[in-house]
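Only one structure is covered here, and it is reproduced in the block below.
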Amino acid sequence: MKKIVYTTDFSKNSVAALKYAVALGEVFNTDVIALHVATLSELKVTKRNNEKEARLALKAKLKEFCSENLDEDLSDLNLTVAVTVASSVTKGIMDFTRDMKIRMLIMGACGSGNFKDFFLGSSTKDMLEISPYPLLAVPPNYVFTGLKNVVYTTDFEQRDIINLKELLSLLDPEQPNLIILHVSDQDETMTNNLLEWFKKNLAEKVEYSDIEFKIIFSDNILKSLKENIEKLDADMVVMLERKPEAKKGGLFHRDLVKRMQSCIEVPLLSFNEKF
């Protein structure tokens with residue numbers, strides 16, 4: 001069974017992600033692991049005599065963090081806690097999950113460091129670059145109420161069809177209404193022809209009835225994207241993190257996922273094009 005791995009730095013910005021992970025674990029009937037990656041300097045701060053004692057102290061802290069914020073005894077939940085030590089959070093996550101079957105990673109959308117001008121915390125941004133698993137960034141204070149409307153932002157590429165097929169498998173059994181959103185600054189005829197090509201190819205690969213398409217023509221792709229996500233009452237937004245050599249133009253040019261200037265209001269699930 002594939003697991004959900006939630007990571008935390010014990011900050012208040014990661015509490016909503018914790019609650020979301022547990023709620024999603026119940027929906028999917030899957031195990032959830034709460035993971036804290038400790039650096040060597042953090043181990044020293046715990047003021048224990050050796051690394052083993054420091055790990056145990058941090059694990060106790062993690063259990064307390066989860067129990068207090070979930071307002072439940074962990075023994076009543078399908079949740080386990082783990083602490084690993086690494087030179088960086090990203091390395092710790094990758095090493096910890098290397099031999100696991102992972103459904104998705106869940107992290108807080110806003111970090112506790114000096115990167116609050118971006119909607120992603122620094123560790124979450126770094127994981128977007130390297131994660132072989134779908135990564136879900138959950139905004140502070142977001143409350144999971146189900147997955148009725150899921151918005152997938154697309155540039156009408158073959159890779160999107162692969163991701164959509166994986167996404168629908170990932171979100172089963174929720175069966176949400178899937179809205180495929182394309183924001184275009186190109187010619188209307190060209191865009192509509194591309195849409196028809198995409199619909200045809202998608203229908204050959206994906207059998208799903210609750211799909212609707214929405215095209216927005218705008219010169220300001222980022223602004224239009226944010227505005228329409230809100231209008232569509234999205235419960236989750238799905239985007240693609242591109243390879244460094246990917247094309248600059250279009251909806252999914254490199255780093256668009258990280259360019260929002262404030263915390264997003266709904267969870268954002270990212271697929272990495274490299275995997």
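Everything quoted here is computed from the prediction, not taken from an experiment.
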Tell me if a side-chain donor or acceptor on [X] pairs with a main-chain N or O of [Y] at a distance below 3.5 Å.
{"X": "Thr80", "Y": "Ala34", "result": "no"}
{"X": "Asn78", "Y": "Thr30", "result": "yes"}
{"X": "Asp235", "Y": "Lys148", "result": "yes"}
{"X": "Asn177", "Y": "Asn149", "result": "no"}
{"X": "Tyr208", "Y": "Leu178", "result": "no"}
{"X": "Asp219", "Y": "Asp185", "result": "no"}
{"X": "Ser67", "Y": "Glu72", "result": "yes"}
{"X": "Asp187", "Y": "Thr189", "result": "yes"}

If you round to the nearest 0.5 Å, how far is [atom2] of [Y] from [atom1] of [X]?
{"X": "Lys165", "Y": "Leu170", "atom1": "NZ", "atom2": "CG", "answer": "14.5 Å"}
{"X": "Thr97", "Y": "Met94", "atom1": "OG1", "atom2": "CE", "answer": "5.5 Å"}
{"X": "Ile215", "Y": "Gln186", "atom1": "CD1", "atom2": "CD", "answer": "12.0 Å"}
{"X": "Glu188", "Y": "Leu195", "atom1": "CD", "atom2": "CG", "answer": "11.0 Å"}
{"X": "Asp155", "Y": "His182", "atom1": "CG", "atom2": "NE2", "answer": "5.5 Å"}
{"X": "Ile211", "Y": "Leu164", "atom1": "CD1", "atom2": "CG", "answer": "7.0 Å"}

Side-chain contact test, heavy atoms from C-beta onward, threshold under 4.5 Å: evaluate it for [X] versus [Y] and give yes or no.
{"X": "Tyr133", "Y": "Val5", "result": "no"}
{"X": "Phe198", "Y": "Ile161", "result": "yes"}
{"X": "Val81", "Y": "Leu74", "result": "yes"}
{"X": "Gln175", "Y": "Asp210", "result": "no"}
{"X": "Pro134", "Y": "Glu166", "result": "yes"}
{"X": "Leu225", "Y": "Met239", "result": "yes"}
{"X": "Leu136", "Y": "Met236", "result": "yes"}
{"X": "Leu194", "Y": "Met190", "result": "no"}

Same apolar cluster: [X] and [Y], side chain cutoff 4.5 Å:
{"X": "Val85", "Y": "Leu56", "value": "no"}
{"X": "Val183", "Y": "Trp197", "value": "yes"}
{"X": "Ile162", "Y": "Phe213", "value": "no"}

Residue pair Glu51, Arg55: steps toward the salt bridge (charged side-chain N to carboxylate O under 4.0 Å, His left out) verdict: CA-CA 6 Å; Glu51 182 177 317; Arg55 282 174 180 261; 3.1 Å; yes
Any luck finding a side-chain donor-acceptor pair between [X] and [Y] under 3.5 Å?
{"X": "Asp73", "Y": "Ser75", "value": "yes"}
{"X": "Thr90", "Y": "Asp126", "value": "no"}
{"X": "Asn29", "Y": "Glu26", "value": "no"}

salt_bridge(Glu204, Lys200) N-O dist < 4.0 Å: yes
Summary of salt bridge (Lys or Arg N to Asp or Glu O under 4.0 Å) pairs that have at least one residue in residues 82-107, sequence neighbours excluded: Lys91-Asp95, Asp95-Arg98
Nearest atoms (heavy-atom pairs only) where Val37 meets Gly92: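 Of all heavy-atom pairs spanning Val37 and Gly92, the closest is CG1-CA, 3.8 Å.
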Plane angle bin for Phe10 and Phe65 - parallel if under 30°, tilted between 30 and 60°, otherwise perpendicular: perpendicular
Parallel, tilted or perpendicular: rings of Tyr20 and Phe144 (30°, 60°): perpendicular
Residue from Lys59, Lys61, Glu42 passing side-chain hydrogen bond (donor to acceptor under 3.5 Å, both in side chains) with His36: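 Of all the options given, the one that passes is Glu42.
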Sole residue of Leu269, Leu18, Thr7, Val138 in side-chain contact (heavy atoms from CB on, under 4.5 Å) with Ile106: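 Testing each of Leu269, Leu18, Thr7, Val138 against Ile106, the sole residue satisfying side-chain contact (heavy atoms from CB on, under 4.5 Å) is Val138.
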